[in-house]
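Numbering of residues begins at 1 and proceeds along the displayed sequence. The model shown is predicted, which means the values in this text are computed figures rather than measured ones.
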Amino acid sequence: MFKNKEYVLAVYKEQSFVKAAKKLFVSQPSLSSSIKRIEQKVGSPIFDRSNSPITLTEVGEKYIEYALSIQQKEQAFEDYVLDMGNLNAGTIKIGGSSFFSSFVLPEMIANFNKSYPKVKFIVYEDSSKNLIAKLSAGEIDIVIDNSVIDDDNIVTLPYVEETLLLTVPKSFEVNERLKEYRLTAKDVKDEECLKNAKSVDLSEFSNSRFVLLNSENDSGKRAQKILKKHSVDYKVSFHLNQQLSAYNVCCTGLGIAFVSDTLIKKTDPSSEVYCYKIDDALASRKINFYYKKNRYLSRITKQFLFENNK
């Protein structure tokens, strides 16, 4: 009954027979017939077709649970066979937020593929919360993120350290009295310049407009704690989901944002903002790799982690 489980899994993921058929490159009637044959073997419907989008029945939920488990074991065995053959090939499934997927992973993957051209990468772009859920479910191998993951089943492997900076639109008057503290985006790209810069007193930005990230985002949590800790009175222009969005909004002059030096270094330097160092332990954090404890990692996946953890 699990022989054609990929058909059931496709319908489950797409929540549509039509979309699943297109993804599988089969006709919709053929897919429906295959699903019905599986349901006959199971002895109960897997999908409740009366809902739109379609949903799983109670039996269907259990079928998916076992089908995913079998799929993960098949993948683990395939990785094992590749390792036994000492092949520098295989697939690495890695997840990251929109920023990491756009600005960090492409360069990392390109550098790795210079030595291991046969390795295929599948990149999953999603929120930190959803990526860790996928990691726990065994759907992906690695996640790269700057969040703190408090889960005994998840292994943390440090990548690099980064610093949260305050980015302030150049149009804000406060910049005039803080000339000795301010940095340009180009300055931030210079390690020595950033290292030697003075930290600003956050009280200077009281009553200013801020662009903050939501409380589920690690940068958002840290920003709110820092502002509260330093008794900064502020107004919120926007609440956003992504750090890159906050930086772009800041560059238009609509508010001050907390942005990592990683983002500024990886993107084109904006001439519309000044950056300031913050004297607070919460402004420093690590970008980490995460993987599931006791999950089989292929040799090539371990090599990727090793080369990016020097």
Trainee: Answer with yes or no whether the side chains of Asn4 and Ser34 bring together a donor and an acceptor at under 3.5 Å.
Mentor: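 On atom types as modelled, these side chains do not qualify, holding no pair under 3.5 Å.
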Trainee: Any idea how Phe210 and Phe258 line up, ring-wise: parallel (<30°), tilted (30 to 60°), or perpendicular (>60°)?
Mentor: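 Correct class here is parallel.
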Trainee: Strictly distance-based, threshold 3.5 Å: is any side-chain N or O of Asp261 a donor or acceptor partner for the main-chain N or O of Leu165?
Mentor: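 Judged by distance alone, no pair lies under 3.5 Å.
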Trainee: Check the side chains of Thr301 and Ser298 for a donor-acceptor pair under 3.5 angstrom, ignoring hydrogens and angles.
Mentor: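 Indeed, the side chains of Ser298 and Thr301 share at least one donor-acceptor pair under 3.5 Å.
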Trainee: Under a 3.5 Å distance rule, please check whether Gln72 uses its side chain to pair with a backbone N or O of Ala137 as donor and acceptor.
Mentor: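 Side chain of Gln72 to backbone of Ala137, a donor-acceptor pair under 3.5 Å: yes, one is there.
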Trainee: Do Thr57 and Glu61 have side-chain N/O donor and acceptor atoms under 3.5 Å apart?
Mentor: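 There is no such pair between these side chains.
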Trainee: Please check: side-chain N/O of Arg295 versus main-chain N/O of Gly138, any donor-acceptor pairing under 3.5 Å?
Mentor: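 Yes.
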Trainee: Do other residues, nucleotides or ligands put more than 12 heavy atoms under 6.0 Å from the CZ atom of Phe17?
Mentor: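 Buried by this count: over 12 neighbours within 6.0 Å.
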Trainee: Just verifying a value: how many Å separate Ile92 CD1 and Ile142 CD1, rounded to the nearest 0.5 Å?
Mentor: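 It comes to 5.5 Å.
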Trainee: Could you check whether Glu307 and Gln303, counting side-chain N and O atoms only, form a donor-acceptor pair closer than 3.5 Å?
Mentor: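 Per modelled atom types, Gln303 and Glu307 side chains form a pair under 3.5 Å.
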Trainee: Go through the side-chain N and O atoms of Asn214 and Asn217 and say whether any donor and acceptor fall under 3.5 Å apart.
Mentor: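 There is no such pair (donor and acceptor under 3.5 Å, judged by atom type) between the side chains of Asn214 and Asn217.
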Trainee: Could you measure the distance from the OG atom of Ser16 to the NZ atom of Lys23? Nearest 0.5 Å is fine.
Mentor: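 Spacing of OG (Ser16) from NZ (Lys23) equals 11.5 Å.
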Trainee: Would you call Glu78 and Lys73 a salt bridge, taking side-chain N to carboxylate O under 4.0 Å as the test?
Mentor: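 Here Glu78 does not pair with Lys73 in a salt bridge, since their nearest N and O are not under 4.0 Å apart.
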Trainee: Any chance you could measure Phe25, atom CZ, to Ser30, atom OG, to the nearest 0.5 Å?
Mentor: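 Atom-to-atom, Phe25:CZ and Ser30:OG are 14.5 Å apart.
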Trainee: Identify whether the distance between the nearest side-chain nitrogen and carboxylate oxygen of Glu107 and Lys266 falls below 4.0 Å.
Mentor: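 Looking at Glu107 and Lys266, the cut-off is met.
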Trainee: Does some side-chain heavy atom of Glu74 sit less than 4.5 Å from a side-chain heavy atom of Lys5?
Mentor: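 SC-SC contact between Lys5 and Glu74 confirmed.
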Trainee: Answer yes or no: is there a donor N or O on one side and an acceptor on the other, between the side chain of Lys134 and the main chain of Ile140, under 3.5 Å?
Mentor: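 Looks like no, no N/O pair under 3.5 Å.
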Trainee: Does the Glu161 side chain pair with the main chain of Lys286, one donor and one acceptor, at a distance under 3.5 Å?
Mentor: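 No, because the side chain of Glu161 does not come within donor-acceptor range (under 3.5 Å) of the backbone of Lys286.
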Trainee: I'd like to know if the side chain of Thr167 and the backbone of Ala257 have a donor-acceptor N/O pair within less than 3.5 Å.
Mentor: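 It does hold such a pair.
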Trainee: Do the ring planes of Phe304 and Phe289 sit parallel (below 30°), tilted (30 to 60°) or perpendicular (above 60°)?
Mentor: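 Rings of Phe304 and Phe289: perpendicular, as their planes differ by over 60°.
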Trainee: Answer yes or no: does atom NZ of Lys265 have more than 12 heavy-atom neighbours from other residues, nucleotides or ligands under 6.0 Å?
Mentor: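 Atom NZ in Lys265 is crowded, with more than 12 foreign heavy atoms closer than 6.0 Å.
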Trainee: To the nearest 0.5 Å, what is the distance between CD1 (Ile300) and OG1 (Thr91)?
Mentor: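 Reported value, rounded in 0.5 Å steps: 11.0 Å.
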Trainee: Which pair of heavy atoms, one from Leu202 and one from Val232, lies closest together, and at what distance?
Mentor: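 Leu202 and Val232 have their closest heavy atoms at O-CG2, 3.6 Å.
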Trainee: Within the supplied structure, the quantity of interest is the number of heavy atoms (other residues, nucleotides, ligands) at a distance under 6.0 Å from Lys189 NZ; does it exceed 12?
Mentor: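 Count over threshold, so yes.
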Trainee: Please check if Val211 and Val174 belong to a single hydrophobic cluster, counting links between Ile, Leu, Val, Met, Phe, Trp and Tyr side chain heavy atoms closer than 4.5 Å.
Mentor: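 Each belongs to a different hydrophobic cluster.
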Trainee: Side chains of Ser245 and Asn248 only: does a donor on one sit below 3.5 Å from an acceptor on the other?
Mentor: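 No - no donor-acceptor pair under 3.5 Å links their side chains.
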Trainee: If only atom types and distance count, is the side chain of Asn51 paired as donor or acceptor with the main-chain N or O of Pro53 below 3.5 Å?
Mentor: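 No, the answer is negative, given that no donor and acceptor are paired below the 3.5 Å cut-off.
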Trainee: Let me confirm one number: the CG-NZ distance from Asn196 to Lys277, rounded to the nearest 0.5 Å.
Mentor: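 Asn196 CG to Lys277 NZ: 7.5 Å, rounded to 0.5 Å.
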Trainee: Between Asn309 and Pro158, is there a donor-acceptor pair closer than 3.5 Å when you use the side chain of the first and the backbone of the second?
Mentor: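 Yes.
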Trainee: Determine whether a donor-acceptor pair (N or O, by modelled atom type, separation under 3.5 Å) exists between the side chain of Ser147 and the backbone of Ile149.
Mentor: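 Checked: no pair found.
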Trainee: Given 3.5 Å as the limit, does a donor-acceptor pair link the side chain of Ser284 with the main chain of Thr163, or not?
Mentor: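 Looks like no, no N/O pair under 3.5 Å.
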Trainee: Do Ser260 and Gln243 meet the criterion of a side-chain donor-acceptor pair at a distance under 3.5 Å?
Mentor: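 Side-chain D/A pair, Ser260 to Gln243: present.
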Trainee: Is Lys221 paired with Glu216 through a side-chain N to carboxylate O contact shorter than 4.0 Å?
Mentor: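 No, this pair does not count.
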Trainee: With a 3.5 Å cut-off and no angle check, do the side chains of Ser98 and Gln242 form a donor-acceptor pair?
Mentor: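 A donor-acceptor contact under 3.5 Å links the two side chains.
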Trainee: Please determine if Lys170 forms a cation-pi arrangement with Tyr274, meaning its NZ or CZ atom is less than 6.0 Å from the six-membered ring centre and no more than 45° off the ring axis.
Mentor: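 Output yes; distance and angle both within limits.
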Trainee: Any chance you could measure Tyr12, atom OH, to Ile35, atom CD1, to the nearest 0.5 Å?
Mentor: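 Reported value, rounded in 0.5 Å steps: 14.0 Å.
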Trainee: For Asp268, I'd like to know if atom CG has over 12 heavy atoms of other residues, nucleotides or ligands within 6.0 Å.
Mentor: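 Check fails, neighbour count at 12 or below.
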Trainee: Please check if atom CG in Asp279 has more than 12 non-hydrogen atoms from other residues, nucleotides or ligands closer than 6.0 Å.
Mentor: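 No, not enclosed.
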Trainee: Strictly below 4.0 Å, N to O, side chains only: are Lys293 and Asp152 in salt-bridge contact?
Mentor: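 A salt bridge is absent here (no side-chain N lies under 4.0 Å from a carboxylate O).
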Trainee: Go through the side-chain N and O atoms of Asp201 and Tyr276 and say whether any donor and acceptor fall under 3.5 Å apart.
Mentor: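 The answer is no; no qualifying pair exists.
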